[in-house]
6 protein chains.
Amino acid sequence: MFFQKPELQYEVTVDQPDPHFAKLLQQAIGGQEGEMRVAMQYMFQAWALPEEYEEYRTLLMETAAEELGHIEMLATAVTKNLRGSSTEMDTDAREPAAVASMTGQNPRQFLSAGQSAMPVDSNGVPFTGGYIAASGNLAGDLYANVMAEATGRTLATRLWEYTDDPGMKDMLSYLIARDTMHQNQWLQVLETLDDPVPVPASFPQDQENQDVNYTFISTRREAQPDPEYPWTQGETPDGNGQFSYAAEQPGDGNVVAPDPAPMTNNDPNRDTQSADAADSNE
Amino acid sequence: MFFQKPELQYEVTVDQPDPHFAKLLQQAIGGQEGEMRVAMQYMFQAWALPEEYEEYRTLLMETAAEELGHIEMLATAVTKNLRGSSTEMDTDAREPAAVASMTGQNPRQFLSAGQSAMPVDSNGVPFTGGYIAASGNLAGDLYANVMAEATGRTLATRLWEYTDDPGMKDMLSYLIARDTMHQNQWLQVLETLDDPVPVPASFPQDQENQDVNYTFISTRREAQPDPEYPWTQGETPDGNGQFSYAAEQPGDGNVVAPDPAPMTNNDPNRDTQSADAADSNE
Amino acid sequence: MFFQKPELQYEVTVDQPDPHFAKLLQQAIGGQEGEMRVAMQYMFQAWALPEEYEEYRTLLMETAAEELGHIEMLATAVTKNLRGSSTEMDTDAREPAAVASMTGQNPRQFLSAGQSAMPVDSNGVPFTGGYIAASGNLAGDLYANVMAEATGRTLATRLWEYTDDPGMKDMLSYLIARDTMHQNQWLQVLETLDDPVPVPASFPQDQENQDVNYTFISTRREAQPDPEYPWTQGETPDGNGQFSYAAEQPGDGNVVAPDPAPMTNNDPNRDTQSADAADSNE
Amino acid sequence: MFFQKPELQYEVTVDQPDPHFAKLLQQAIGGQEGEMRVAMQYMFQAWALPEEYEEYRTLLMETAAEELGHIEMLATAVTKNLRGSSTEMDTDAREPAAVASMTGQNPRQFLSAGQSAMPVDSNGVPFTGGYIAASGNLAGDLYANVMAEATGRTLATRLWEYTDDPGMKDMLSYLIARDTMHQNQWLQVLETLDDPVPVPASFPQDQENQDVNYTFISTRREAQPDPEYPWTQGETPDGNGQFSYAAEQPGDGNVVAPDPAPMTNNDPNRDTQSADAADSNE
Amino acid sequence: MFFQKPELQYEVTVDQPDPHFAKLLQQAIGGQEGEMRVAMQYMFQAWALPEEYEEYRTLLMETAAEELGHIEMLATAVTKNLRGSSTEMDTDAREPAAVASMTGQNPRQFLSAGQSAMPVDSNGVPFTGGYIAASGNLAGDLYANVMAEATGRTLATRLWEYTDDPGMKDMLSYLIARDTMHQNQWLQVLETLDDPVPVPASFPQDQENQDVNYTFISTRREAQPDPEYPWTQGETPDGNGQFSYAAEQPGDGNVVAPDPAPMTNNDPNRDTQSADAADSNE
Amino acid sequence: MFFQKPELQYEVTVDQPDPHFAKLLQQAIGGQEGEMRVAMQYMFQAWALPEEYEEYRTLLMETAAEELGHIEMLATAVTKNLRGSSTEMDTDAREPAAVASMTGQNPRQFLSAGQSAMPVDSNGVPFTGGYIAASGNLAGDLYANVMAEATGRTLATRLWEYTDDPGMKDMLSYLIARDTMHQNQWLQVLETLDDPVPVPASFPQDQENQDVNYTFISTRREAQPDPEYPWTQGETPDGNGQFSYAAEQPGDGNVVAPDPAPMTNNDPNRDTQSADAADSNE
């Protein structure tokens, strides 16, 4: 159950409105690395957990609610960058610089949303549930969360590098710090699990093919000798095996598909003569 | 540059064709956790790396080519499950059991592909580039790869649990083993990086907000005391801080958006009287 | 800023787990008429409103937080329908009835989510930000909200009609009641606006074409006399005009496109002779 | 059954070709608020109606055919803005102003369509059937239509405000007028239905939860007194109840999911010691 | 400009309603091979053509309007298969056979559309403008049209093979015949163009790389001798060259990317020691 | 099974990095006409073919592997255009010309990928499996391939026309040549099939409606006399019939849908009086 309060989680100020930056900020709202993704991802992961995982479910919901507030902060940053800027939409907009500003904007922020934030990324592509990873397996989900916070923090640092606006830099500095915390948090939670690799842990490992489960299989056209990298020799991180090296893929499976049912009408009206001609070349 | 050979990477046999299993296998081809995703993900990650990262680029391309072969194996498994089954499409298909079999199938495997594999997931949703994570930052990408192999292996074990077919179980046992290897491989590569957390490492951490970068911020409606979990106290995994606990979000930012430009036509024709009535309640 | 509490907004019980109903419930979570849509829609609408619309922004946020709790209720309903059912996944699953049950399920709820809810609709199509309407114009948004609650309530009644489960009927009866409230609420808010039609009200109506702004233009192949419907004669709902009837579309615009730039390589290598032959028929 | 004529419904002229405006116009073709949506929406709504609703089916088809003609007008406007402009693609295109013009364009209008209109929105996102609302319930559909025409007219007025081109302003003035008519038309049709709220009307209202069907439920973190807004007290628009106010969500439902089947491999290999440590904190 | 008439282009009867067939029919409405695609594709192709192509534009619009009528026929077929069937939704629906029927249905046809047709494919995936090919180049578009009618006719024959219903077989027999006509029509139009291959014809062919423009380049891992197929030797269909054979890809390009700007924060905090260890293996 | 080699198929050089051209190149990677599409399309087509089509399967796989190498070339071209350019990201980026350059870029190439290529098109829309055509019918697939290479070559020529960079022109000249070859190749393969039209050839043509299978049906509002085009008279390309002309669509089918089940709650609460009023007008 959720509650709200009409204040922002952290102050958002914009010293110099910049419609182009408003477009870039959309990536952090509705993009693959954005806050809509993590907010919903943590919720769906939480809702999959049974009673014995209560402390994890609580943790996921705690963080989900925080991320909802980040969407709110970023949406506020977007409207503040789009509005109040005296130049981007006025009658001087035909001058080269102003046109550059206007054409650099997401047109839908003006056309569809009246200078507001939207549930889309920085190219205007709508947010999709396809970004969300919630596998039902806590260990796999935690790696998904580390990754989400890692790419999220990378995005935020790139926005920070791009802008010169003190207010925007301050807001991003806050979001970057939260991503630092969340990366650490999910890694720490992984450590409360025993032997988290390979995921899923409950699958009996003796059921997997024992010939190739710790072998680096090279796909180089010309077979190469073992390069003796840390991933072709030595102990594996899961502590269950030793890396080895194979210069060749196992091979030998037959790729040919069976004949389909006549109902499919797959058969082209094959020219017997041409086919023969072709066949005679084989 | 790529090359191919008309053999499969590993043998694929189907003892008892099962059209419904052909539908489920699609998830491992074109789904969020599927092989199209990892094959393309590893390529795009590789292509972003400059010369000094040559051993990593090589590694990513080696693995990408292997994953292309997994798509091929799974596509072969799909056609073998869809075809050669005497019951699913014949004149007895109106009987309850057969109808169940037919209705359990992905209709497009018959209608659009003539009993073949498709670049879609188990619900028939097309593969999308939106599943692919390639951030340009190697550390972030490696976490994405651990996660991709973790959810991929989880998917493969669920398919293994579902099917009774010895040929399918053998193929999945091979794919599960490869996912074990790849999870270990990407974790091992992470260990060749120094201090991989927080990602991105090159961002100067003193630029992030120092008040909240290691603080667990609770979002519970009623403020709670520190639960003293491993993620609210003690050293952080990155070794750069100590977890702390805040019972309240910082708060106090102003959520109000500035007035939009008149050009947006945002203004409703507000009823002054009604508005006053409403206002008088405030 | 958002807060949460580990209780559900309203109790969710399932007397007889039904994996097929778990699939249908997804429509109310991630579908076009679902709760993810309204929760995010109300937020984005709120974040667009400047200070003078404070009571409306508050109202939208109040309702948005409630809808987040509805997603949570439905996700709980999904896991309760998918799990604890002794028949759908066990060794008897090969019998016709059980297969029907299994094949009637969303395969990704098992394969991708380990018997959990997902951010997708009842066909497994991911939620998309493209469902969300937040135009920046409050009047237009309110009609979008009436429509969202109308189609949402229609969906909930269809789920109610379909299920025989008392727990599910009770949960749906709660959600249907909330949709009744929200339909009334948004219509009531519309009444606090003056002359809400046509939207947007701020556009000077004398700038629109005065010949066709209250005319029903028939597109019937054979011109028909005025059918004298309430929408071809009489006063218009906005009170600004009288409906009239035109048996013909205005017509006469020239559809021909200008020649493109040579850079486009649009030109086919047109056969002069054939073209002449064709032209001679004109 | 449909017919066509090689004239436009209304004249389309462009005085000064503007490639950037050609990009913006795409929103009115293939966008969420565009003409492809309404044309198809009205058709699908019409095709759902049985014989007794003949006058409504006729009305929907009449309007659908008109909207097809609007797509044609807008596509013509796009080609006229993209072509015949001497500057946007010529050898001077490297100068700053010209580059601004080119970079402000939708690149696919040149690359994929040879300077033509496309079935995409102003960000180049393809039109999707997910925009279309056709619920089978006429009342719900009519609210969807009012909303579609309201957001469509808002879009058209924003395009009108943006452009200085007399031909484009004239075309938009025509389209704005038609949206005025259609908003009025659908509202008028709603009035031919009895008690259109709540939708769907055929659901027996005594089956909905009687405790919360006219209650405004606050989600504020700190419980607030009744603000006495028109939506917390007084008669409801459907005439069936009185608004009331609840400062608290009902609450008390249990969010915990049941245990999943072992087949899902949901179990992480949980560290008993760590778990105990965590548990001891609870 | 479009017109309509309330009759169907061809009669649609259903002898025995079949909800599962209603699901399959959706592929012919909103699928990749469906009628929404061709209707819109022909329109957008037409709108790109300048005056000198008038007979082609007319032809495309003539056919587009016919295809709109095919959507209408199929939507009618869907409602007739979903409704009037006494068994699929009644109280006996819990019996195995009936459940099979229900679970075989597209759930959204009931939940979202009240037993009506939808703008989606047979898996419920919404129609997308991404299916539409309209390149601005008439010759390329005509090949797209031949292909669209070929896959469309293949789909229709598969539906014809699947159903036993005389009414449905008759409707499909009509649609199959129209696809025969349209395949022939587009091929015939191609013949009115001179040298339609390679597309685009206006590009000066001497600007393309002359070493590989008629060479079959093998990608086999082990170099193979020329198999002497019709596509490795002999005259080419465009009459401009002779097929030749190369056992090897040209090769030799350098895949390494330049260093990115520091602003991207691409650099992982690379462990110099580990890197050295790795490097020492090279 | 696939193999790789760390060289490019063909050299890729960029003389003058151009971030805007990096954006345009994305269309050839992840766009509707791009290389990801053909690479995967040829694979899925190949995997559907049974043993008797071995030479075709081989051919498709040979070409698929080549196309994978084209993606690699284009991705390299993108990074070379994005990086090493001294102006687009430096401190002077606030000047009009530089801003124009930056705003002309795909923001995600910087924000999401750290100045790298992405699996998206030139508008940033992710690649989708919905672009791929693989029908199971070889003849239909070959037309799809001709079309894919025709639109692909058209795209490549437009990129060639746009850029002045000698390195880019050389790379595109190579890709254009390969498209010339592949168009010829697929057409040549079509000639090895007998009577490839109409597709599918295996469907007994006497089962299609014999009245309309070679008739051009006009949809003009006012009936026109036979224009005597090559597609309204004369022999048809398949050699099985004679084109004829019909000035009218067959017509006479009844569009009315049956009544839906009460469970759908389709019924609006219709105002009997209003309905009567409306009816009295009919």
Side-chain angles (χ1 to χ4, degrees), chain D residues 1-6 46-58 61 89 91 93-108 110-112 114 120-121 123-126 135-142 189-197 199-203, chain F residues 20 23-24 26-28 31-33 95-106 121-125 128 130 151 154-155 158-159 161-162 164 218-222 249-251 253-260 262 264-275 277-279 281-282:
Chain D
M1 188 165 31
F2 292 83
F3 304 86
Q4 43 78 39
K5 210 168 123 166
W47 296 328
L49 292 176
E51 194 152 25
E52 66 196 276
Y53 294 91
E54 192 189 342
E55 74 272 23
Y56 298 110
R57 195 180 64 238
T58 300
M61 290 303 289
M89 287 285 168
T91 50
R94 289 291 173 270
E95 294 177 55
V99 168
S101 167
M102 177 58 201
T103 58
Q105 201 181 325
N106 171 343
R108 292 194 63 204
F110 170 61
L111 295 177
S112 298
V120 303
D121 74 10
N123 282 319
V125 176
S135 69
N137 182 294
L138 181 58
D141 285 356
L142 289 168
V189 180
L190 268 168
E191 289 182 23
T192 69
L193 304 179
D194 201 13
D195 299 331
V197 177
V199 176
S202 54
F203 182 75
Chain F
H20 181 58
K23 172 181 178 168
L24 301 191
Q26 285 289 157
Q27 190 63 27
Q32 194 197 35
E33 314 87 351
E95 295 177 55
V99 168
S101 167
M102 177 57 201
T103 58
Q105 200 180 327
N106 172 342
D121 75 9
S122 59
N123 282 319
V125 176
T128 163
T151 51
T154 301
L155 168 64
R158 288 169 180 162
L159 289 165
E161 304 273 8
Y162 183 83
D164 290 334
S218 174
T219 60
R220 281 290 279 275
R221 187 193 196 186
E222 286 86 21
Q249 302 177 63
N254 188 354
V255 77
V256 175
D259 282 316
T264 60
N265 280 315
N266 278 16
D267 278 333
N269 194 348
R270 201 186 189 183
D271 182 346
T272 321
Q273 248 177 321
S274 301
D279 288 351
N281 295 320
E282 289 178 82

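So that the names make sense, note that chain A is the first sequence line, chain B the second, and so on, each numbered from 1. Side-chain atoms are counted along with the backbone in the values below, which use heavy atoms only and exclude waters and symmetry mates.
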- Message: Heavy-atom pairs under 4.5 Å with chain F: which of D:Q4, D:M1, D:E51, D:M61 has the most?
- Response: D:Q4

- Query: Does a donor on one side chain and an acceptor on the other come within less than 3.5 Å for D:Y53 and F:N266?
  - Reply: no

- Does any donor atom in the side chain of F:N123 or D:N106 lie under 3.5 Å from an acceptor atom in the other side chain? yes

Is there side-chain contact between [X] and [Y], with heavy atoms separated by less than 4.5 Å?
{"X": "F:Q32", "Y": "D:P126", "value": "no"}
{"X": "F:V256", "Y": "D:R57", "value": "yes"}
{"X": "F:D267", "Y": "D:P200", "value": "no"}
{"X": "D:W47", "Y": "F:V255", "value": "yes"}
{"X": "F:E33", "Y": "D:S112", "value": "yes"}
{"X": "F:R220", "Y": "D:F3", "value": "no"}

- Go through F:T151, F:T219, F:L159 and name the one with the most non-hydrogen pairs under 4.5 angstrom from chain D. F:T219

- Task: Hey, could you give me the CZ/CZ distance between F:R221 and D:F2, rounded to the nearest 0.5 Å?
- Result: 14.5 Å

- Item | From CG (D:L111) to CD (F:Q26), nearest 0.5 Å | 11.5 Å

- Message: For a quick test of reading the model, state the closest non-hydrogen atom pair linking F:L24 to D:P107 and the distance between them.
- Response: CD2-CB, 3.4 Å

Relative to chain D, which segment of [X] carries a heavy atom at a distance below 4.5 Å: side chain, backbone, both, or neither?
{"X": "F:S122", "value": "both"}
{"X": "F:E222", "value": "side chain"}
{"X": "F:D121", "value": "side chain"}
{"X": "F:P260", "value": "side chain"}

Toward chain F, the part of [X] with a non-hydrogen atom under 4.5 Å:
{"X": "D:L138", "value": "both"}
{"X": "D:A46", "value": "neither"}
{"X": "D:V199", "value": "neither"}

